[in-house]
Amino acid sequence: MTRSSEDLAAELGPDVIRWRSVGPSRGGRVVAVAGDPSDRSRFWMGACSGGVWMTDDAGQYWKPMSDGFLESASVGAIAVADADPQVVWVGTGESFARNNVVPGDGVYRTVDGGRTWQHRGLDATKHIAKVRVDPRDADVAFVAALGDVFGPSAERGVYRTRDGGDTWDLVLHVSDRAGAADLVLDPANPRVVYASIWQMVRHPWDIVSGGEDSGLWRSRDGGDTWELISDHPGFATGLLGRIGIAASPARPGRVWALVEAIGGQGGVYRSDDAGQTWAHVSTERSVQGRPWYYSHIIAHPTEADTVWCMNTWAWRSRDGGRTFQQVQTPHGDNHDLWIDPSDPQRMINGNDGGACVSVNGGMTWSSIYNQPTAQFYRFDVDHRFPFDLYATQQDNSGIRAPSRSWKGALRWPDCLELGEAEAGDVALDRSDPRFVMLGGAGFGHPGPLLRFDQVTEQARDVAVWPEYFMGIGASEMKHRFGWTYPIEFSPHEPGVLYVGGERVFRSPDGGITWQSISGDLTRDDPAKQQPTGGPISGDSTGAEVYCTIHAFAESPLTPGELWVGTDDGRVHLSRDGGGEWTELFPAGLPEWATVTRIEPSHHQVGRAYLTAHAYRLQDLRPLVYRTDDFGATWEAITAGIPETEWARSIREDPLQPHLLFVATERRVWFSVDRGAPGRACAGTCPPCPSTTSRCATTNSSPARTGGRSGSSTISHRCARSPKWHPTVSTCSPRPRSTATPHRTASTCPAKAPGWAASRGFPWAARPSPVVTCRTAVPRRCGSTEGRTPRTAPRSCTACPPRSRPSRSPSPTPRGGRCAPSAPLCRTIGSCRPPRCPPPTPERTPSCGICAWNRPSPRRVRTGDAGWSIPGPAWHPGVTPSPSPPMAKAARRTSWCIATPAEWPTTTICVSNTCCSCASATCCSASRRASARPLPCMTCSPDSPVAWAIIRSRRASARSPTRLTRCAESSPTPT
């Protein structure tokens, strides 16, 4: 008997999967901020993909306020009612039309300070630029709706409500090509309303800002009637683009406008008669950069000649807009600024790094490292436990973050920046986890590719073809790489790397050399490869490079079986490593759709899953397909997913062939029967774009979100029926918090035959005595309580049923192994292998081998004997010298640790103390903490080649360690 996804969802309820945020606590893009006019410490922000947040201590701590209420994660506007600060209005869907902009679902409002929220309509507006509330009545509000940025939309324009959102009137509508980009009420007379109308459209291959429908409008009767004022004397003539607007509270009738205009007429305009006449007061280019993305102007509430402009940097003018000076903020790309009308020293700024508060007029700001709202593009995980996550953050860097910490909280100091990798893919080299490959902006050419060394923290650019691309079209480039092009390591050949441009490139040595293994696999339409941003302001920054490969995967079962999907709707397959390519035709896939993910099956040859989206072509359908015959035929498997929720990624569970996960625009879905009607597993995760997911073989599976803490892990809940187990190895009736990750030999890249030999490691010729790739283990030795019976790991010493050996005074090292007769050896809760007892001067260990399983040794206190390192090999016949008590200075010592047991005369140095050896002189460990490998000071001629692991004081406990070699003839390590 089997059950369907509906049965599981009905049995477990809404909390099918429990999510927990794993950060990091570094802010993401914020374009909407506001302050409480009555509470000096309370401020609000709306994250571009993270919902609504509030602080009541001036930015020291931020709390999510909209979880469980908003159906959209993207916030484009926020406003606090002056008449009642408990009333807060929110418009969803940001109006800054990036290539991956997230739409919203209308307007929300709270009347109790954020405790509860009500949806107030305008679902079809999708992108809201501003919400303004009448200062006299909290139920009267105006909304500037840009509408659908990807094409014509009848919902564009200015809306007004007089009854708290129960009904709305479209009071200003110019055309279905132009929507409202800014809106302001005159502080001296709220019946006077100014609105800017912006004609624009975003395509996957370009953005068009400006047109004949753009202009500036004014209403003198609260929005009942409107007049065009951008054709009044002194204003820019000709074609107009985006316009920012502000009314001065300090001087009635003064209006500021930041104008995108053709022919050098752009800049800052000022009117002192409510828009009847205008003066062009500044042509400063610093405040006009990328007008479709910025164009923000804010009037000072008490100083009539002071005005702020938000752009790449924050700019302030104190001479009526003639000159501007930069004001430093914690992050670049500034979008919004709220200034307290009663105390101008109090303000909040929103930028691409988060929201920050100032109480001294912008001289200092609160931190942006306390708000988990980062937007991540793609991520990868390593094979350690607890595992680390690697991702690329929008307008920031690559990042490595832990999935859990013994400190109780996942703090920013526990993370590591991985170089300037903003928008690209990320891939971890399983054969050498020291190196991470990251793609993204920041290097001035298309397809930037970083090879980041986690030990030296140095990045090397190994792009396929470095080429300057700013300001030119993709057709002029030698190779085309998309904004987020795929980067994948081969699961079969360690060190072999693939990247996708307009063709597939292969590197046999991790990015050092490259070769093309395909022709152009895209549609290669020159009309979609032109410079973008026009007709007024060019904006070719690489984000609109089109006709590129967007999805790539090699089958985990068959070497050389390569699947490719492009951003213009083509799918190809090669079964000979790129020698020949066959185009595939999934039925119903739109011509210019973006193929987001191809997932070859882990269980059946010829099976693959595919997701695509076409929402940027105004087609909102989820596009999810399955093939069982190498793409000859395809079946749509979207039953159960709403028709307006497009798909972004799909993953097959590596242990359960019928369990699938699909990431869509607002949630993650699962199916227990290979794509038959699925059910949402939102659980405790708020709605947010889920662009990448990954199934781990532990109890946790991470999913990359587009604005809520970046990555999150999920903990499965399984039905307790013995006849139905949807995820046998990845689920348990209650979470396993300390279990070791379980892998079989066929799925463990670290033990793939031949990888060590290809890199020159001397132990490659023999099997490793340490077994790190294991099958699932019982909870403790001899017990399978609460678990499906599984095979014990090969490296676990047999124990009598329901018995526990005696305990030793020190913890058990992962991966160690002792002889069955070893004294004081023990097992622990998950039946990990027993350990050798700590050495003492009076006792020679009788254990066999205790070698490390982790790349980073950790210090463990072992009583009066001093300090030792879990994992060193205590060899038979070696009597180690006692380690002295660890003084404060000695804790900075680097360590030299001997390795395999085949070299019984190899030295062992621990904590500045050398052991005696049969026929070799010990290596000397220096007290000086060094980031460079320590040389072997003396090695006798008859000593074998020794290996040393060096760990410096600066290295994180999670950082991979260095490997150096003491040569027989030279004291210098190689």
Side-chain angles (χ1 to χ4, degrees), residues 31-37 44-46 52 75-85 87-95 104 106-111 120-122 125 127-146 156-165 167-173 179-198 216-224 226 229 243-249 252 255-258 274-275 295-299 301 310 335-341 348 350:
V31 300
V33 294
D36 191 309
W44 298 80
M45 75 162 174
V52 179
V75 177
I78 190 167
V80 179
D82 291 338
D84 182 0
V87 177
V88 182
W89 292 79
V90 168
T92 60
E94 65 165 310
S95 65
V107 176
Y108 289 82
R109 187 180 74 152
T110 177
V111 295
R120 307 311 296 161
L122 300 184
T125 55
H127 299 275
I128 293 177
K130 290 294 179 183
V131 175
R132 301 296 187 186
V133 184
D134 193 314
R136 304 163 301 180
D137 188 347
D139 286 336
V140 178
F142 292 83
V143 168
L146 186 60
R156 297 177 184 259
V158 176
Y159 290 83
R160 182 189 61 193
T161 180
R162 291 173 171 169
D163 51 14
T167 59
W168 293 91
D169 299 317
L170 181 58
V171 294
L172 176 61
H173 175 76
D182 206 351
L183 181 72
V184 65
L185 307 184
D186 191 335
N189 181 8
R191 289 180 57 81
V192 178
V193 186
Y194 300 91
S196 69
I197 298 297
W198 179 31
L216 189 59
W217 296 75
R218 179 185 63 192
S219 173
R220 295 178 182 269
D221 51 12
D224 292 336
W226 295 81
I229 60 174
I243 302 173
I245 187 72
S248 174
V255 182
W256 303 89
L258 182 56
S295 297
H296 318 285
I297 190 166
I298 301 95
M310 298 292 104
H335 294 284
D336 199 8
L337 180 69
W338 179 88
I339 306 175
D340 189 343
I348 179 173

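Nothing here was measured: the structure is a model prediction, and the numbers come from that model.
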For [Y], does its backbone N or O pair with a side-chain atom of [X] as donor and acceptor, under 3.5 Å?
X    : Y    : answer
W217 : I197 : no
W338 : W44  : no
R156 : L146 : yes
D336 : V33  : yes
R120 : G164 : yes

[X] to [Y] - nearest heavy-atom pair and separation:
X    : Y    : result
K130 : L183 : CG-N, 3.9 Å
S248 : W256 : CB-NE1, 4.2 Å
A188 : P252 : CB-CB, 4.1 Å
I339 : I298 : CD1-CG2, 4.2 Å
A181 : A129 : O-CB, 3.3 Å
L216 : A195 : CD1-O, 3.5 Å

Gap between atom [atom2] of [Y] and atom [atom1] of [X] - 0.5 Å precision:
X    : Y    : atom1 : atom2 : answer
T92  : L122 : OG1   : CG    : 9.0 Å
S295 : I245 : OG    : CD1   : 12.0 Å
D340 : D36  : CG    : CG    : 9.0 Å

In plain terms, say whether D224 and R191 are close enough for a salt bridge, that is, a side-chain N and a carboxylate O under 4.0 Å apart.
->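 Salt bridge between D224 and R191, a charged N being under 4.0 Å from a carboxylate O: no.
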Charged N-O contact under 4.0 Å between R160 and D221 |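 A salt bridge is absent here (no side-chain N lies under 4.0 Å from a carboxylate O).
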Checking [X] now: which residues fulfil side chain to side chain contact (heavy atoms under 4.5 Å, CB included) with it, not counting sequence neighbours?
X    : answer
A83  : none
V131 : A77, A79, W89, I128, V143
D134 : R136, V140, P190

Results of salt bridge (Lys or Arg N to Asp or Glu O under 4.0 Å) for R218 - residues two or more places apart only =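 Scan of R218 (salt bridge (Lys or Arg N to Asp or Glu O under 4.0 Å), adjacent residues dropped) gives E227.
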Listed by chain and number, what are the side-chain hydrogen bond (donor to acceptor under 3.5 Å, both in side chains) partners of S95, not counting sequence neighbours?
->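 Partners of S95 by the side-chain hydrogen bond (donor to acceptor under 3.5 Å, both in side chains) criterion, ordered by chain and then number, come out as R242.
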Identify, with sequence neighbours excluded, every residue that meets ring-ring contact (aromatic ring centres under 6.0 Å, His included) alongside H335.
->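 Applying ring-ring contact (aromatic ring centres under 6.0 Å, His included) to H335 gives F96, Y293, Y294, H296.
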side-chain hydrogen bond (donor to acceptor under 3.5 Å, both in side chains) between D163 and T161: does it pass, once the steps are laid out?
-> CA-CA 6 Å; D163 51 14; T161 180; 2.8 Å; yes
Run the side-chain contact (heavy atoms from CB on, under 4.5 Å) check on W226 and V158 step by step: do they pass?
-> CA-CA 11 Å; W226 295 81; V158 176; 4.2 Å; yes
Evaluate side-chain contact (heavy atoms from CB on, under 4.5 Å) for D186 paired with R220, printing each intermediate quantity in order.
-> CA-CA 10 Å; D186 191 335; R220 295 178 182 269; over 6 Å; no
